[in-house]
Amino acid sequence: MSWSHSSLLCLGLLLQLSLLADCSLKAEWTRNIPRRINGEVPASSSRLRLLIEHQYVVMDNGVLQVTLSKPQGIVTNIKYNGIDNLLENRNEEENRGYWDLVWKLVSIQKGEIEKIRGTSFNVIKEEEGQIELSFTATWDESIGNKSVPLNIDKRFVMLPGRSGFYSYAIYEHLEGWPDFNMDETRIAFKLRQDLFHYMAISDKRQRIMPMPEDRETGQPLAYPEAVILTHPINPELKGEVDDKYQYSCENQDSRVHGWISSDPPVGFWMINPSDEFRTGGPVKQDLTSHVGPTTLSMFVSLHYSGEELSVKIRNGEHWKKVFGPVFIYLNSASDEGHVTKLWDNAKQQMLTEVQNWPYSFPASNDFPSSDQRGTVTGQLFIQDRFLQKENIPANSAYLGLAAPGDIASWQKESKGYQFWTRANSEGFFSINGVRPGNYNLYGWVPGFLGDYKYGLNVTITPGSKLNLGHFIYEPPRQGPTLWEIGIPDRSAAEFYVPDPNPEYINKLYVANTTSNDTVLVDKFRQYGLWERYAELYPREDLVYTVGTSDYSKDWFFAHVDRRDDDNTTYTATTWQIRFNLDKVTKVPNETHMLRVAIASATGSQLQVRLNNPDSYPVFSTSMIGLDNAIARHGIHGLYWLYNIKIPKNVEITRGRAPTKGLRVGSQGYFWNPFSLQILPQVGFFTFLLFDPRLGGLGHVAVKFAKAFGMKVTVISTSPSKKQEALEGLGADAFLVSHDQAQMEVCYFFCLSCLSPLGPSETNW
């Protein structure tokens, strides 16, 4: 093809016009973006720049550029260290960096996932020392149920010279607006799949991760989050299990996590400088980073807790809360040893952010600076005269301020803010940076049963410094402890955690033994450990003998059902605790006490029987627990403590048969610990925990109903239960719940609803 001079002239004019148009579009830039010099940005070039276009807004500080959609406030592009975009370009723009939530009206069972899209945009601050942008979503009655009834103000902040940016959001429900539940809210980033392959959660939890395609081609397991990698792109990962819940972390330990790229060596990190805006207290567990590559900061969720931690807005109440700020941090390094360098640098930056909390830069009046906050100090002692006469300093005690409520209510509190610290070896503590408001002081001490609550409300005003002096916690105690199984630390980690099935391995949690020592790992995070119980105890259940057995070897960490031979149904299991007494006596005028602490419960019911396993229970709970910690590889969920009084007129005798002792059966929970605190010269108790299927409470319900002359119909998902229900228990009728024809004529009260629930979270 040949070009004439006139054609070349026209082309030159078009190019010039195009360049002029581009320059005019970017007229709001103060200067051109500075070039890097040996990976560093000259200090003189680190000033802030803001570009506002028709559909986008760009923040630049000479270290990185962040592009957001306007007015939605979705992060579409992060340019850093010569990489045009750290976020996944192949994703739709709305699926790169965003805030979202899960909500539902009170009358609705299933929540709706809603990305938070702003409808208006404002520049809050554009100064030499700070850019702060606002993307606001406003609700009104005309929107109705199409969107969550909240006003949400998303903020993004860039400071000069910082290798990253901040984000926070203000959620507000105005008085009179519709009631609803918010089950989850978070900020999420989806990173470049061709760059980020190495993930780091902690010093010991780091690894090369699978690709999203590996999960798609893998073998699904009991629930959607868990798959076996059958054809991974990286052949070294073949046969491993991947599950995002294997990378969960407690709030107190989830300060920094993220991803590393090897070429070029770049890190992308989520830094959470504080827990004050997260629900459930310091030991609440939640997601961090996982295959995607995805990085999250979770503010509200039902993970490891269930509906207890949903934000429930009722009676048209006014509610407002600030989530964040969190810091999205970027770093780079030379090729040699880049993983260690990037991780160590990210940890150092995290410490800097924690040191600077509460931040002074947020422009919102809803985020008080440090001089507008208060401090609470004091000293906690433990008084337990059965251990020693002197008061014991509450070494390493957890002390925290949360919304006023009942004792231990903090672990289910989700609307307000919480401020926690740990006491030193002498029991002294200091809680700093507390927002103004009214609180209760809560606490607990590792190694001691129970919860503490300070007797008076604690009121914080701007600048206040409140010293509570020294005060006493008396753990629940009826007399000297006869025996105790485990450690009262709200975790089941001290109990026996089995090796996983070789078919369900995540190599991150396999112990690495060297010539000097063994590197400890969180073995409880392996998939499928609930099935190992039936392999260890195929016919007879666990028997624990006090004084002989070792809870680290002989007490299975989770009390689960046994999968039957048909691999489709589950049977409740019964555990025995056997112990001997030197003396036997009647204690007619004293109350005996059985104390049971449970570290997690999922669809369980607790019953206590004395001496005779067929006797009427002296204690029974309702169905407890929906935290699903077993399926999600957690070692604890919510904490439950039961102080069970034994009637005074009960004669305690010595057991003389193998079946005597303390029995335990459940559908699924963790122990922490099992302890008996009682006056001396006590015999044995029988302890039963059943799930709602035939053989447990189903038996009781059918027998009681028949004894009172009622007509009884049993409903079950398992046809195999029919003979037992009709012939064994004397039920009048039997229905299969998934038989539509049978269920259509079912208009009566269900006395026994049977469901062979397994470990899958989808059952809950």
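One is the number of the first residue; the rest follow in order along the sequence. Hydrogens, waters and symmetry mates are skipped; everything else that's a heavy atom, side chains included, is used.
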Taking 4.0 angstrom as the limit, do [X] and [Y] come out as a salt bridge?
{"X": "Lys347", "Y": "Asp203", "answer": "yes"}
{"X": "Asp183", "Y": "Lys110", "answer": "no"}
{"X": "Asp275", "Y": "Arg255", "answer": "yes"}
{"X": "Arg96", "Y": "Glu88", "answer": "no"}
{"X": "Glu240", "Y": "Arg207", "answer": "yes"}
{"X": "Glu413", "Y": "Lys321", "answer": "no"}
{"X": "Arg278", "Y": "Asp286", "answer": "no"}

Would you confirm whether the ring centroid of [Y] sits within less than 6.0 angstrom of the ring centroid of [X]?
{"X": "Trp575", "Y": "His559", "answer": "yes"}
{"X": "Phe268", "Y": "Phe189", "answer": "yes"}
{"X": "Phe327", "Y": "Tyr166", "answer": "yes"}
{"X": "His636", "Y": "Tyr304", "answer": "no"}
{"X": "Phe277", "Y": "Phe323", "answer": "no"}

Are any non-hydrogen side-chain atoms of [X] and [Y] less than 4.5 angstrom apart?
{"X": "Met298", "Y": "Thr279", "result": "no"}
{"X": "Phe156", "Y": "Val66", "result": "no"}
{"X": "Leu449", "Y": "Leu641", "result": "yes"}
{"X": "Arg186", "Y": "Tyr98", "result": "yes"}
{"X": "Val497", "Y": "Leu529", "result": "yes"}
{"X": "Val291", "Y": "Arg215", "result": "yes"}
{"X": "Leu86", "Y": "Leu330", "result": "yes"}
{"X": "Ile505", "Y": "Val241", "result": "no"}

Cut-off 3.5 Å, side chains only: do [X] and [Y] have a donor facing an acceptor?
{"X": "Trp103", "Y": "Glu112", "result": "no"}
{"X": "Arg563", "Y": "Tyr570", "result": "yes"}
{"X": "His338", "Y": "Ser262", "result": "yes"}
{"X": "Ser600", "Y": "Asp627", "result": "yes"}

[atom1] of [X] to [atom2] of [Y]: how many Å apart, nearest 0.5 Å?
{"X": "Arg632", "Y": "Gln246", "atom1": "CZ", "atom2": "CD", "result": "13.5 Å"}
{"X": "Ser289", "Y": "Trp259", "atom1": "OG", "atom2": "CH2", "result": "7.0 Å"}
{"X": "Leu237", "Y": "Met209", "atom1": "CG", "atom2": "CE", "result": "9.0 Å"}
{"X": "Asn506", "Y": "Arg525", "atom1": "CG", "atom2": "CZ", "result": "10.5 Å"}
{"X": "Ser332", "Y": "Lys341", "atom1": "OG", "atom2": "NZ", "result": "11.0 Å"}
{"X": "Ser604", "Y": "Met623", "atom1": "OG", "atom2": "CE", "result": "7.5 Å"}

Under a 3.5 Å distance rule, please check whether [X] uses its side chain to pair with a backbone N or O of [Y] as donor and acceptor.
{"X": "Glu494", "Y": "Gly486", "answer": "no"}
{"X": "Asn501", "Y": "Glu503", "answer": "yes"}
{"X": "Ser202", "Y": "Arg205", "answer": "yes"}
{"X": "Asn91", "Y": "Asn95", "answer": "yes"}

Of all the heavy-atom pairs spanning Ile201 and Gln206, show the shortest one and how long it is.
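Nearest heavy atoms, Ile201 then Gln206: N-CG, 4.5 Å.
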
With side chain to side chain contact (heavy atoms under 4.5 Å, CB included) as the criterion, how do Trp343 and Trp269 come out once you've worked through the C-alpha distance, each side chain's angles and the decisive distance to 0.1 Å?
CA-CA 9 Å; Trp343 171 244; Trp269 308 100; 3.6 Å; yes

Start with the C-alpha gap between Ser552 and Tyr496, add the side-chain angles, then the distance that decides, and say whether side chain to side chain contact (heavy atoms under 4.5 Å, CB included) holds.
CA-CA 5 Å; Ser552 67; Tyr496 175 69; over 6 Å; no

Would His633 and Tyr509 count as a ring pair (Phe, Tyr, Trp, His ring centres under 6.0 Å) if you check the C-alpha gap in whole Å, the side-chain angles of each, and the deciding distance to 0.1 Å?
CA-CA 12 Å; His633 325 294; Tyr509 303 115; 8.8 Å; no

Taking it one step at a time, do Lys104 and Glu307 satisfy salt bridge (charged side-chain N to carboxylate O under 4.0 Å, His left out)?
CA-CA 12 Å; Lys104 60 189 176 186; Glu307 291 282 343; 3.1 Å; yes

Mutual orientation of the aromatic rings belonging to [X] and [Y] [parallel < 30°, tilted 30-60°, perpendicular > 60°]:
{"X": "Trp640", "Y": "Tyr642", "result": "parallel"}
{"X": "Trp410", "Y": "Trp444", "result": "parallel"}
{"X": "Trp530", "Y": "Tyr223", "result": "tilted"}
{"X": "Trp99", "Y": "Phe299", "result": "parallel"}
{"X": "Phe556", "Y": "Tyr533", "result": "perpendicular"}

Would you please test Asp242 and Tyr527 for side-chain hydrogen bond (donor to acceptor under 3.5 Å, both in side chains) and show each step?
CA-CA 9 Å; Asp242 179 71; Tyr527 175 87; over 6 Å; no

With side-chain hydrogen bond (donor to acceptor under 3.5 Å, both in side chains) as the test, would you mind laying out the steps for Asp541 and Thr574 before giving the verdict?
CA-CA 6 Å; Asp541 285 326; Thr574 299; 4.6 Å; no

After noting the C-alpha distance and the side-chain angles of Thr573 and Tyr537, does the key distance pass the side chain to side chain contact (heavy atoms under 4.5 Å, CB included) rule?
CA-CA 10 Å; Thr573 57; Tyr537 303 93; over 6 Å; no

One pair to check against side-chain hydrogen bond (donor to acceptor under 3.5 Å, both in side chains): Ser301 and Lys284. What are the steps and the verdict?
CA-CA 10 Å; Ser301 87; Lys284 166 73 165 68; 3.1 Å; yes

Between Tyr504 and Glu531, does a side chain to side chain contact (heavy atoms under 4.5 Å, CB included) hold up when you go through it step by step?
CA-CA 11 Å; Tyr504 300 146; Glu531 295 181 354; 3.9 Å; yes

Determine whether more than 12 heavy atoms belonging to other residues, nucleotides or ligands lie under 6.0 Å from atom CD1 of Ile208.
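Atom CD1 in Ile208 is not crowded, with 12 or fewer foreign heavy atoms closer than 6.0 Å.
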
Test log, rule side-chain hydrogen bond (donor to acceptor under 3.5 Å, both in side chains), inputs Tyr398 and Gln252:
CA-CA 11 Å; Tyr398 287 81; Gln252 64 181 347; 3.3 Å; yes

Please walk me through it: do Asp194 and Arg90 pass salt bridge (charged side-chain N to carboxylate O under 4.0 Å, His left out)?
CA-CA 11 Å; Asp194 61 334; Arg90 294 178 297 176; over 6 Å; no

